[in-house]
Amino acid sequence: MTTRLATRFAACAAEGRAALVTFVTAGDPDFATAEAILHALPAAGADVIELGVPFTDPMADGIPIQLAGQRALKAGQTLRKTLAMVRTFRKTDAATPIVLMGYYNPVYVYGVDAFLKDALDAGVDGLIMVDLPPEEDDELCLPALRAGLNFIRLATPTTDDKRLPKVLQNTSGFVYYVSMTGITGGVISSYDAVGEAVARIKAHTALPVAVGFGVKTAADAAAIARGADGVVVGSALVEKVRLSLDGSGKATAGTVAAVTDLVAELARGVRSVNKAA
Amino acid sequence: MTVQPVQNSFRNGPDEAGRFGIFGGRFVAETLMPLILDLEAAYADAKADPAFRTGLDSYLKHYVGRPSPLYFAERLTEHVRGLSAAKGGTGGAKIYFKRDELNHTGAHKVNNVTGQIMLAMRMGKKRIIAETGAGQHGVATATLCARFGLQCVVYMGAVDVERQKPNVFRMKMLGAEVIPVQSGTKTLKDAMNEALRDWVTNVADTFYCIGTAAGPHPYPMMVRDFQSVIGTETKAQMLEMEGRLPDSLIASIGGGSNAIGLFHPFLDDAGVRMWGVEAAGHGVDSGQHAASLTGGKPGVLHGNRTYLLMDGDGQITDAHSISAGLDYPGIGPEHAWLHQMGRIEYISATDSEALDAFQLCSKLEGIIPALEPSHAIAKVLQLAPDLPRDHLMVVNLCGRGDKDIFTVAEHLGGM
Ligand SMILES: Cc1ncc(COP(=O)(O)O)c(C=O)c1O
């Protein structure tokens, strides 16, 4: 079966460009606004959506995504509501892949089997679980692959050539290369180093390679798009949410547009790089 | 010939994947995975090198002040015998204190830190990071870093910085940088998150010195090994003083390092009963407590699967304890397993029980205990009167109370 992720990455490649992968936190700043943002993303230029599952202890995230998670939890977001959000999205969009990104505990507590069933049913395409390295594949990765979900693995600057095959072994959908040793929202110090790392990974796998952590502007996105098959933007988008809120932290009339305006700009950055051979 | 592990032993864990039964494991971001594999290999290498042990033992003796005494708490024993008599009984166990509060820096934390710092130096790491709750682990880490000229950064929840001021000052005097953590609930769990964030960022030169028997493998095993000096000494001392093993052991539990350190060498001695005492805060039923085994469920946090305080969505809930060192919503994975196996009994003591025990121990024994072991002493007062007089009970007096006097004074309405 060709998955939505494979189809979408192939379509972008056919257009001679990288895919724009946008991360927003489910339920940030509240359920209704987050749902409106989700629905508006594809038209604004998002090719793939990463939907962050809020967790109280996001140990690989910097302040912007920490705060987004706290806003969502405060507004009452749960994993169940996140799945409901995806289900509604699928009623009007059958093509845009959605990947849930988060930490294992909410899934573990939900129950792995029940979660996989409900996630598939809702129209989720893949999972990125920050705290499940290959050493813990039995927990969720292998059951997810058996159930027909993609399991997207993070490769990092500390993943050396010896370890890379292990990281790639049960990865599907795409490979997420983390551009730096650090947390989300950091600063990329060398595009050349990122480019070399992407080339190194591509030598080991036929899967698309997307790069994330530290991409904030259209110029960043363009620089990454030259070598990578996908560009992931997260912290910069949730920061737009935060800056659009009123004094009491509530969404305003400008919240959705604050996000989609940046997405449109990033999409122009990604599309400015034509890679058609 | 390789030595076969004893069958049916409680002391064989963890397995190669770092599991104690279903608990433990390595739930970390990929960036950290190569680092914890390195650490595991470096620790195995150090453990097999007699020179490492000799070096460590020498610092434990001359710098930390080990062995710590095993002390017959005569007046506390008289007190529990009085409690028994008041109920018409003739019991009252004979109580011993394992005096780890006499260690340099005032708690058991330094046993583990000395081991980890010697390992860090062996690995060529120059920058040490740590999380701390009560500040005892932070002080111990700052101390060893000062001694060996290493850079030291300590993460401490902003709430804990407020309630453990003397220790913040001590760390600064020792040359450490103390970073107040403003994220989440601003306590120990957030300090641990922040330390992990630092570690993912500074992978090349940094060693993460974890302060309790929790976190991703190999930490729970390694911290246990370094703390087991407590139980190993206790065994030898009790044999010398009483000619036999103790009948029971009792220790307070935050993450579980002082408890596992005392218990582990005795796990296969079937006649030795063990109690781990969690912090019940305002009472386990109040929802404001830190008793992860008594009031929590299995989940995954900070690199390991263990019992956690959380809501139905898997969100970690706030722990509460008067003692900053016990104020953690999890527990080391080996305890979670020993709980499941029924080898150790886990009970809990409230804030007010601990405060009473704190005062009683000070007045009867001339020893001001930390609030953490005060939780264990509180349970001794309940358990010991119903045990026979020839029952030998060892309490891990794992820290002194100097750091807590302001907190206690505040709760007693200022003195
Ligand atoms: C004196 C003392 N006892 C106990 C603890 C709790 O930790 P653990 O359960 O790892 O011994 C602490 C932690 O700060 C402490 O300072």
Side-chain angles (χ1 to χ4, degrees), chain A residues 53-63 66-67 69-70 72-73 76-82 102-111 115 129-136 138-140 153-160 162-164 166-167 176-178 180-186 213, chain B residues 16-19 22 24-38 40 181-185 189-204 206 215-217 296-306 308-318 329-330:
Chain A
V53 177
F55 182 48
T56 39
D57 295 81
M59 60 194 183
D61 285 304
I63 287 171
Q66 288 177 36
L67 292 176
Q70 284 173 20
L73 290 173
Q77 191 69 12
T78 60
L79 181 51
R80 220 164 278 282
K81 287 186 184 172
T82 299
Y103 297 81
Y104 183 39
N105 198 50
V107 170
Y108 179 69
V109 168
Y110 194 104
F115 168 76
M129 287 288 139
V130 178
D131 52 356
L132 287 178
E135 280 72 8
E136 301 292 353
D138 290 343
E139 294 284 334
L140 182 64
R153 188 98 62 194
L154 304 170
T156 71
T158 59
T159 315
D160 59 16
K162 197 168 126 260
R163 185 167 166 79
L164 195 52
K166 187 172 178 108
V167 168
Y176 188 142
Y177 180 68
V178 176
M180 63 183 81
T181 57
I183 51 180
T184 54
F213 282 40
Chain B
E16 271 171 21
R19 298 292 179 98
I22 67 160
R26 293 181 279 214
F27 298 89
V28 297
E30 171 60 22
T31 312
L32 291 182
M33 200 59 222
L35 279 74
I36 67 170
L37 291 173
D38 259 9
E40 188 185 340
V181 175
Q182 302 290 352
S183 64
T185 56
K189 83 172 170 77
D190 308 287
M192 195 149 181
N193 289 331
E194 214 53 40
L196 285 163
R197 290 179 189 124
D198 178 311
W199 204 23
V200 220
T201 309
N202 302 291
V203 293
T206 297
H217 179 62
K297 284 181 311 211
V300 174
L301 180 71
H302 293 152
N304 57 176
R305 176 165 24 235
T306 187
L308 299 171
L309 301 180
M310 57 187 166
D311 68 15
D313 187 44
Q315 306 298 337
I316 308 305
T317 51
D318 296 3

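Chain naming here is simple, since letters A, B, ... match the order of the sequence lines and numbering starts at 1 in each.
- With sequence neighbours left out, the side chain to side chain donor-acceptor pair (under 3.5 Å) criterion links Asp57(A) to Lys189(B), Asn193(B).
- With respect to chain B, the highest number of heavy-atom pairs below 4.5 Å among Gly69(A), Pro134(A), Pro106(A) belongs to Pro106(A).
- Residue Asn202(B) holds its CG atom at 7.0 Å from OG1 of Thr181(A), rounded to the nearest 0.5 Å.
- Both the backbone and the side chain of Pro298(B) come within contact range of chain A, judged by heavy atoms closer than 4.5 Å.
- At a 4.5 Å heavy-atom cutoff, the contact between Tyr104(A) and chain B is made by side-chain atoms alone.
- Of the two parts of Glu139(A), only the side chain, counted from C-beta on, holds a non-hydrogen atom closer than 4.5 Å to a non-hydrogen atom of chain B.
- In this structure the side chain of Asn105(A) reaches within 4.5 angstrom of the side chain of Leu308(B), judged on heavy atoms.
- Minimum heavy-atom separation, Thr156(A) to Thr31(B): CG2-OG1, 3.1 Å.
- Side-chain atoms of Ile316(B) and Phe55(A), non-hydrogen and from C-beta on, do get closer than 4.5 Å to each other.
- Side-chain contact, Thr158(A) with Glu30(B): no donor N or O sits under 3.5 Å from an acceptor N or O.
- When heavy atoms are compared at a cutoff of 4.5 Å, Asp160(A) does not approach chain B at all.
- Shown here for Arg197(B) and Asp61(A), the closest heavy-atom pair between the two residues is NE-O, 3.0 Å.
- A 4.5 Å side-chain heavy-atom check between Arg163(A) and Leu37(B) finds at least one atom pair inside the cut-off.
- When every heavy atom of Val28(B) is checked against every heavy atom of Pro133(A), the shortest pair comes out as O-CD, 3.2 Å.
- Looking at Pro58(A), both its backbone and its side chain come within 4.5 Å of chain B, counting heavy atoms on both sides.
- In this structure, chain B has no heavy atom under 4.5 Å from any part of Val107(A).
- Neither the backbone nor the side chain of Met192(B) comes within less than 4.5 Å of any heavy atom of chain A.
- Of the inter-residue distances, the one linking Phe27(B) atom CZ with Met59(A) atom CE reads 10.0 Å to the nearest 0.5 angstrom.
- Side chains of Asp313(B) and Arg80(A) form no contact here, defined as non-hydrogen atoms less than 4.5 Å apart.
- Looking at Gln315(B), its side chain does come within 3.5 Å of a backbone N or O of Pro54(A) through a donor-acceptor pair.
- When heavy atoms are compared at a cutoff of 4.5 Å, Leu301(B) approaches chain A solely by way of its side chain, counted from C-beta outward.
- Leu67(A) meets the side-chain contact (heavy atoms from CB on, under 4.5 Å) test with Ile63(A), Gln70(A), Arg71(A), Arg242(A); sequence neighbours excluded.
- Counting heavy-atom pairs under 4.5 Å between each of Thr159(A), Leu132(A), Asp131(A), Val178(A) and chain B puts Asp131(A) at the top.
- Under the 3.5 Å distance criterion, the side-chain polar atoms of Glu136(A) are matched with a main-chain donor or acceptor of Arg26(B).
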